[in-house]
Number of protein chains: 2
Amino acid sequence: MRSENEELKTAGLKVTLPRIRILRILEEAATGARHLSAEDVYKKLLEAEDDVGLATVYRVLTQFETAGLVDRHNFETGHSVFELSKGAHHDHMVCIDTGEVIEFTDDSIEARQREIAERHGYELEDHSLVLYVRKKR
Amino acid sequence: MRSENEELKTAGLKVTLPRIRILRILEEAATGARHLSAEDVYKKLLEAEDDVGLATVYRVLTQFETAGLVDRHNFETGHSVFELSKGAHHDHMVCIDTGEVIEFTDDSIEARQREIAERHGYELEDHSLVLYVRKKR
DNA sequence: TTCTATGCAAATTATTTGCAGCACT
DNA sequence: AGTGCTGCAAATAATTTGCATAGAA
């Protein structure tokens, strides 16, 4: 397991306290609610008595995104959420009632998307698929 | 072809000038660039010398959305776009270079989504699929 | 008349930027 | 010393809201 320091260096980012702290927060969230807003991260920093400005949180998250360390998503919530980028691509399922986010992948859908783009004379660069679901009762 | 008046009444909305004008703008755009931002609509109203406030544009578009007259989309542009709701559902393909928006539907993807939700114990209520593409050269 | 709709300005929310100071090389 | 990084406040951008007034039923 690589240290935060190495991850930052590899990403070409200078190792600074705010970056380490923010990266750690994202890693801690990696298991549970993977998706944090800038505000969420900021609040966690405050809780931990780490004095980092909200502007820095935004700057760092953006840098992480550029570096490929995190993915940014825009669900229909009005603000972006960030998650530590696992190598493999995945899509999301959001529960309308609880806000819970479930990740999934489906090769057949992936393949189909590529076909559709091709058919229209385009190359698929990226995509965003979000299923809005409700628990069955 | 129903008049704007009827459409508004059916939607349970009082027939007022701003609503008629905005509905007409959306209808005019229905063929070409179907997807307009609130700002786009506002500018078209100004061009037509129709004195409608931007706040009203937002209010009316939101009402139209609630009434099912228009669909609101959040691509990765930072602002919402609206389009006259055609009965049938469709997804979008956005060209990264030109911003062009192409609509499409694919039954196999639709079906697959339902399956995936089911498999996780959920019911699919809605979904959003956007392909980000680039013209092949 | 009675209630809803609108305009305009002010308020909010999410995010970005300018700038002076600090940190690391 | 030089360049990058940060905090804070101010600046933006998109959208919403309060309120007094105009307009529809």
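Just so it is clear: chains get the letters A, B, ... in the order the sequence lines come, proteins before strands, and each one is counted from 1. Keep in mind the model is a prediction, meaning the values are calculated, not measured.
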For a side chain to side chain contact (heavy atoms under 4.5 Å, CB included) check, start with the C-alpha distance between B/Glu123 and A/Lys135, then their side-chain angles and the critical distance, and finish with the verdict. CA-CA 6 Å; B/Glu123 224 167 323; A/Lys135 205 146 227 148; over 6 Å; no

Please lay out, stage by stage, how A/His90 and A/Glu83 fare under the test side-chain hydrogen bond (donor to acceptor under 3.5 Å, both in side chains). CA-CA 12 Å; A/His90 57 265; A/Glu83 68 169 333; 3.0 Å; yes

B/His73 and B/Phe75: aromatic ring centres closer than 6.0 Å? yes

Scan nucleotides 9-25 of chain C nucleotide by nucleotide, 5' to 3', and note B when protein non-hydrogen atoms come under 4.0 Å of the base, S if they reach only the sugar-phosphate, - if neither. B----SBBBB-------

Calculate the interatomic distance between [X] atom [atom1] and [N] atom [atom2]; express it in whole Å.
{"X": "A/Leu23", "N": "D/dC5", "atom1": "CG", "atom2": "P", "result": "15 Å"}
{"X": "B/Tyr42", "N": "C/dT6", "atom1": "OH", "atom2": "C1'", "result": "13 Å"}
{"X": "B/Asp51", "N": "C/dG7", "atom1": "CG", "atom2": "C1'", "result": "9 Å"}
{"X": "A/Gln63", "N": "D/dT6", "atom1": "CD", "atom2": "C1'", "result": "11 Å"}
{"X": "B/Leu46", "N": "C/dG7", "atom1": "CG", "atom2": "P", "result": "11 Å"}
{"X": "A/Leu17", "N": "D/dG4", "atom1": "CG", "atom2": "C1'", "result": "16 Å"}
{"X": "A/Lys9", "N": "D/dG4", "atom1": "NZ", "atom2": "C1'", "result": "17 Å"}
{"X": "A/Leu45", "N": "D/dG7", "atom1": "CG", "atom2": "P", "result": "9 Å"}

Looking only at side-chain N and O atoms, does B/Arg19 come under 4.0 Å of OP1 or OP2 in C/dT6? yes

Enumerate, in order of first residue number, the stems that involve DNA chain D, defined as 3 or more consecutive Watson-Crick or G-U wobble pairs with both distances under 3.5 Å. C:1-10 with D:16-25, C:12-14 with D:12-14, C:16-25 with D:1-10

Could you see if B/Ile25 belongs to whatever hydrophobic cluster contains B/Val81? Use Ile, Leu, Val, Met, Phe, Trp, Tyr and a side-chain cutoff under 4.5 Å. no

Over 60° means perpendicular and under 30° means parallel, so tell me whether B/His89 and B/His127 are parallel, tilted or perpendicular. perpendicular

After noting the C-alpha distance and the side-chain angles of B/Met93 and B/Val101, does the key distance pass the side chain to side chain contact (heavy atoms under 4.5 Å, CB included) rule? CA-CA 6 Å; B/Met93 201 174 326; B/Val101 179; over 6 Å; no

More than 12 heavy atoms from other groups under 6.0 Å of CG on B/Asp97: yes

If each of B/Thr16 and A/Val57 is mapped to the nucleotide of DNA chain D with the nearest heavy atom, which maps nearer the 5' terminus, i.e. the 5' end? A/Val57

N/O donor-acceptor pair under 3.5 Å between B/Arg34 side chain and B/Ala30 backbone: yes

Determine, stepwise, if the pair A/Glu76 / B/Arg72 fulfils side chain to side chain contact (heavy atoms under 4.5 Å, CB included). CA-CA 10 Å; A/Glu76 312 282 299; B/Arg72 176 199 298 250; 5.7 Å; no

